Amino acid sequence: MIPETRQKTRVVASVVASLLTSALVTLGAAGVSAGAAASSGKVQTVHYWYWEDDPAVPTVPDLISKFNATHPGIHVVGQLVPFNSYQQKLTDAVAAGDAPDAARFKDWWLGEYAHKHLLVSLTPDIHKWTFASDVVSKYWDTGRTSPTSPVYMLPDEYITFYLYYRKDWFAAAHLSPPRTFSQFVTDAKKLTDPARHRYGFAMRGGGGGQDQWYAFLAAGGARLVNRHGQVVANSPKAIAVNQWYIDLVRKYHVAPPTAVSDSYPQLIADFEAGETAMMAHHIGSYTILKDALGNKLGVVPMPQANPSHPGTMGTMTGNVIFRSSPVQQAAWTFISWLSSPYAINILDHSPNAELPILKSVVDEPYFQKNPFWKVALDEEKYAHDWPPLPGVAAVSGHVWERTMDQALLGQITSRQMMDTIAATLKGK
Amino acid sequence: MSRRRRFRPRVWLWAMVGGWLGFALGPYVWMLFTSIKPTRELYRFPVQYFPHHPTLRAYGLLLRTTPFPEFMAHSLVVAASTVLATLLLALPAAFSLSRHRFRGKKAILSILVSVQFFPSVLLVLSLFPILRALDLLNTLVGLVVVYTAFVTPFSVWLLKGFFDGIPTEVDEAALVDGCSEVRALRHVLMPILVPGVVAAATYIFIFSWNEFLFALTFTSSNQARTLPIGLDSFIGNFLIRWNLLTAGGVISAVPIFLFFLLVQRRLISGLAAGAVKG
Amino acid sequence: MSTVSSRPAGRARRLRPLWYLMPAAVVVLGIIGYPVVRAIGFSFFHYNPLDVTGAHVRFVGLSNYLRALTNPGFQHAAVNSVIWIFGVVTVQFLLGLMGAVILNQRFRGRDVVRGLVLIPWATPSVLAAMMWMWILDGNYGVLNDLLHRVGLGFLAQPWFSQPGTALGSLMLIDVWQGIPFFAVMLLAAMQTIPGELLEAARLDRASAWRTFWAIKLPIIAPTVMITTLLRIVWTASYMDLILIITQGGPGYATLTVPADAYYTAYTDFAFGRAGAMAVIQALVLLGVVLAYLRLLSRQGILDA
């Protein structure tokens with residue numbers, strides 16, 4: 001028995017050992033360097049977090065190396081955090097006292113973070129900044145928590161929602177793309193034909209759909225907060241516009257049967273596959289849609305309830321500096337460089353592009369001559385951002401989706417939905 | 001036994017094997033097709049299964065321009081190390097819980113399993129400072145430590161179950177022969193336990209191979225990232241690189257298949273085999 | 001029964017079982033103990049993790065528990081969790097047992113089949129979720145397409161978009177991932193069945209079914225009980241698929257307790273309330289485990 005026993009143990013041991021060694025060999029072959037970033041005495045290291053819109057094109061790391069090459073006193077170490085996990089990972093790091101020095105940021109999160117005094121006021125540095133007067137002036141508000149607060153987030157790129165549509169379908173049906181809400185419903189109905197798997201509108205009822213919804217709310221003339229900063233999300237106007245939006249599914253049946261759960265991947269797939277005729281989104285999906293649909297892809301501004309008082313949804317991506325950072329000045333040097341004409345030009349000519357925030361860049365022919373850029377940039381004047389309230393994180397995190405689904409399924413009314421959202425925005 | 005009676009069960013067996021293979025590998029076939037589709041052919045209605053213009057571009061991109069091979073190597077190292085570390089801890093503990101009688105055993109078993117009652121997403125916040133204090137953030141060792149801690153309780157339970165399945169007469173005889181307890185464990189019980197140990201090792205390996213949340217939270221650079229993080233990074237904010245994601249899925253299944261192929265023989269080598277041979 | 005402790009016992013000998021346990025206990029409690037205790041502690045406080053100065057942390061007694069228990073969302077989540085856990089574990093176990101029996105047969109290509117059918121288990125959740133999301137898509141999904149092609153088009157559904165099918169669809173994915181777990185564990189357990197017993201059964205011309213029921217099952221019983229228990233505990237906290245595919249929707253249709261706790265913690269920043277939800281689930285699971293242990297030791301299946 002004993003020899004056989006030994007043999008078996010040896011076999012198991014050798015299996016494990018060979019697994020380990022083969023793993024280690026692959027590791028060596030993969031060329032893992034110890035990554036010892038030379039930290040000589042004078043160089044300040046800035047830890048910077050970012051996400052990317054297109055994971056296949058490393059625009060931000062390229063920008064970081066360009067910065068490091070031209071700024072000998074500062075070494076920026078970038079960390080890619082996928083967008084879906086960004087907020088969670090940032091929360092854990094902040095709570096553990098391990099926040100980065102600077103980070104890419106959305107205006108939605110500003111309320112929560114600024115109210116907890118986690119962010120540095122950038123106002124004094126902005127006053128001294130060369131390109132401050134080049135920033136589209138309206139954008140400064142996206143970095144504030146109230147019109148009189150300091151600026152906590154330096155704008156970097158902006159997004160406005162507009163309407164993509166299938167040119168070929170509209171031409172075949174002798175329709176022109178909608179300018180008003182009523183035209184939108186009429187067109188959507190005419191283009192809907194469930195027997196052919198065709199639907200007028202790509203409604204996003206699943207994760208992340210709050211931006212599309214807010215764009216229609218704003219276009220319908222409803223507001224989440226009034227100009228005094230009070231929450232009016234459950235005003236009669238807002239309830240009525242929300243009802244109209246719900247009716248696209250429940251009454252007019254112009255959206256696919258999956259609308260209640262459709263999220264971004266489904267939205268793109270349906271539109272590319274030729275299931276939907278119109279889709280509200282922004283410049284972020286331009287590259288892939290153009291690639292897939294070519295000349296069949298058209299764009300118009302968001303249709304409006306009242307075209308003389310237009311509205312849409314806008315959102316800013318910017319950069320913030322954390323109070324806990326020991327290298328705030330170096331971090332400012334980096335993030336202000338990111339928003340300089342040189343860096344903005346590189347970013348907004350890449351597949352990771354959104355709308356440039358500098359007037360000098362906006363005016364370039366590259367952006368002015370292309371309708372997909374031009375329409376989006378022109379909407380900037382009447383775009384509404386999410387209000388900088390702490391409750392916005394909860395609304396966009398799960399409250400909107402939970403209540404929207406129930407409303408689309410007919411389990412709650414438009415009023416009940418808007419009451420819940422208003423209560424969440426007020427912080428209950 | 002007539003030929004007929006032998007034939008019918010065979011048909012059933014093959015039908016079940018076929019059905020199981022179809023269910024288990026169906027998604028992987030779809031993954032394979034997706035990985036060789038040009039982007040333009042991704043979304044078609046009605047569904048287009050095989051690409052008109054198949055391309056291996058995604059595999060080239062994945063292996064040449066992304067750190068994916070490194071991530072896979074990290075996963076292998078972490079999983080193999082976790083298997084070793086966990087077995088070293090869990091085997092004596094399971095032996096003790098199975099073969100010794102002492103007070104508080106039920107309490108220990110309950111505590112062991114109860115640390116798993118909490119969703120790890122609520123624990124990660126408080127684990128962070130521990131890892132930082134140990135200077136293990138952004139290291140493969142840190143991941144091995146955390147995985148070992150999380151997978152040990154289940155492994156102890158599993159191994160205790162396999163120990164319980166071996167009659168006590170077996171080790172009794174060894175002890176009567178004058179073996180020390182450790183020797184008895186190593187030379188008499190272990191060989192019989194091989195299938196159980198291999199099953200537990202497989203469990204530990206796969207736990208570490210799949211783990212996402214800790215790997216996401218406790219790594220900050222490519223020098224410690226693992227396979228699930230690599231796959232997740234192909235899902236951008238506005239663009240999902242389906243070709244890279246699916247090519248990564250197909251490639252990562254290869255070492256797993258080889259691992260199983262190697263290990264499965266060891267699953268079938270305990271008492272039964274020995275008894276039949278003997 | 002107990003062989004070792006019946007020998008003459010000195011102090012060292014009595015302590016020996018504890019020494020065997022010590023390393024495992026130190027590592028497990030050293031790493032997980034503090035986070036667990038802290039999560040339980042949170043549940044009695046109003047605590048926002050972004051409040052790094054601790055200025056707004058305050059003791060609130062049981063109010064987090066009361067708020068959780070009276071919240072309709074949490075009640076939905078509790079019901080879903082029960083369906084999720086018992087549905088998934090039951091189906092995984094039954095199919096896994098069948099799988100173990102199949103893999104224990106002799107047939108050509110068995111080794112390769114064993115390797116192949118285990119692959120779903122080693123599929124990272126993000127990949128499994130993204131693939132199945134596509135396969136089960138209500139518009140252009142592969143499953144619906146196949147149903148149409150074989151003339152079963154009337155069965156095609158928008159799987160994730162209806163409260164009636166969404167949870168079931170997620171459970172299907174979890175079953176897909178989990179069958180190999182049971183298959184491997186039970187296959188390993190079957191190897192401990194003494195060959196002479198099977199030989200005796202064969203000589204008696206016992207049917208395969210009777211052999212399984214009367215001989216195999218009792219011997220693999222400890223493994224069956226332990227693996228189902230572990231799977232229940234594991235499945236209770238598993239929420240990756242839910243977070244990636246449905247985020248708990250439509251409505252509350254796929255929201256489970258850990259998913260509810262996750263959103264409460266990371267989007268509402270109410271860690272105290274999330275902790276209370278987790279503690280409630282942990283208490284229920286503890287009850288299940290204790291009942292299980294008692295049942296097992298009473299039946300003599302497990303020496304605990």
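Bear in mind the structure is a predicted one, so any value in this text is a computation, not a measurement. Proteins get letters first, then strands, A, B, ... in listed order; numbering begins at 1 in each.
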Separation between CZ (Phe154(B)) and CD1 (Ile226(C)), nearest 0.5 Å, reads 11.5 Å
When rounded to the nearest 0.5 angstrom, what is the spacing between CE in Met31(B) and CD1 in Ile135(C)?
-> 7.5 Å
State whether the side chain of Trp30(B) and the backbone N or O of Val142(C) hold a donor-acceptor pair below 3.5 Å, judged by distance alone.
-> no
Thr246(B) versus Met131(C): any side-chain heavy-atom pair under 4.5 Å?
-> yes
Per-residue contact mode, Trp132(C) against chain B (heavy atom under 4.5 angstrom) = side chain
Hey, does Tyr28(B) have a side-chain heavy atom less than 4.5 Å from the side chain of Leu116(C)?
-> no
Contacting region of Ser155(B) [heavy-atom separation from chain C under 4.5 Å] | neither
Candidate list Leu283(C), Val289(C), Val288(C), test side chain to side chain contact (heavy atoms under 4.5 Å, CB included), partner Phe117(B), passing option = Val289(C)
Heavy-atom pair count under 4.5 Å with chain C, highest-scoring of Leu89(B), Thr202(B), Asn210(B) | Asn210(B)
Non-hydrogen atoms of chain C under 4.5 Å away: do they reach the side chain of Leu91(B), the backbone, both or neither?
-> neither
Of the backbone (N, CA, C, O) and the side chain (C-beta and beyond), which part of Met22(C) lies under 4.5 Å from a heavy atom of chain B, both, or neither?
-> neither
Val112(C), part contacting chain B, at a heavy-atom distance under 4.5 Å = both
Tyr49(B), part contacting chain C, at a heavy-atom distance under 4.5 Å | side chain
Can you tell which part of Ile130(B) gets under 4.5 Å to a heavy atom of chain C, answering side chain, backbone, both or neither?
-> side chain
Toward chain C, the part of Ile240(B) with a non-hydrogen atom under 4.5 Å = side chain
How are the rings of Tyr20(C) and Phe95(B) set to each other: parallel, tilted or perpendicular (split at 30° and 60°)?
-> perpendicular
Out of Pro120(C), Ser125(C), Pro180(C), which one racks up the most heavy-atom pairs below 4.5 Å with chain B?
-> Pro120(C)
Write down the atom of Trp20(B), the atom of Ala183(C), and the distance for their closest heavy-atom approach.
-> CH2-CB, 4.0 Å
Interface moiety of Arg149(C) toward chain B, non-hydrogen atoms closer than 4.5 Å = side chain
Nearest heavy-atom neighbours spanning Ser237(C) and Phe118(B) = OG-C, 4.0 Å
Chain B contact via Leu146(C) - side chain, backbone, both or neither, heavy atoms under 4.5 Å = both
Partner chain C: residue of Phe128(B), Phe234(B), Tyr203(B) with the largest heavy-atom pair count (under 4.5 Å) | Tyr203(B)
Please flag which part of Leu258(B) lies under 4.5 Å from any non-hydrogen atom of chain C: side chain, backbone, both or neither.
-> neither
With only heavy atoms counted, which part of Phe271(C) is less than 4.5 Å from chain B, the side chain, the backbone, both or neither?
-> side chain
Part of Pro49(C) within contact of chain B (heavy atom distance under 4.5 Å) = side chain
What part of Val26(C) lies closer than 4.5 angstrom to a heavy atom of chain B: side chain, backbone, both or neither?
-> neither
Region of Ile244(C) in contact with chain B, defined by heavy-atom distances below 4.5 Å | neither
Pro124(C) and Leu227(B) have their tightest heavy-atom pair at CG-CD2, 4.0 Å
Which distance, rounded to the nearest 0.5 Å, do you find between the CG of Leu95(C) and the CE of Met16(B)?
-> 11.0 Å
Structural part of Ala129(C) lying under 4.5 Å from a heavy atom of chain B = neither
Looking at Ile111(B), Leu122(B), Thr152(B), which makes the most heavy-atom pairs under 4.5 Å with chain C?
-> Leu122(B)
Region of Ile256(B) that comes under 4.5 Å of a non-hydrogen atom in chain C = side chain
Between atom CG of Leu125(B) and atom OH of Tyr266(C), what is the distance when rounded to the nearest 0.5 Å?
-> 5.0 Å
By a 4.5 Å heavy-atom criterion (distance strictly below it), what part of Leu103(C) contacts chain B: side chain, backbone, both, or neither?
-> side chain
Which region of Asn144(C), side chain (C-beta onward) or backbone (N, CA, C, O), has a non-hydrogen atom less than 4.5 Å from a non-hydrogen atom of chain B, or is it both or neither?
-> neither
Side-chain donor or acceptor of Asp111(C) paired with backbone N/O of Leu262(B) under 3.5 Å | no
Is the Tyr43(B) to Trp134(C) ring centre distance short of 6.0 Å?
-> yes
Part of Val124(B) within contact of chain C (heavy atom distance under 4.5 Å) | side chain
What heavy-atom pair brings Ala149(B) and Ile32(C) nearest, and what distance separates the two atoms?
-> O-CD1, 3.2 Å
Can you tell which part of Phe107(C) gets under 4.5 Å to a heavy atom of chain B, answering side chain, backbone, both or neither?
-> both
By a 4.5 Å heavy-atom criterion (distance strictly below it), what part of Ala265(C) contacts chain B: side chain, backbone, both, or neither?
-> side chain
Please flag which part of Leu42(B) lies under 4.5 Å from any non-hydrogen atom of chain C: side chain, backbone, both or neither.
-> both
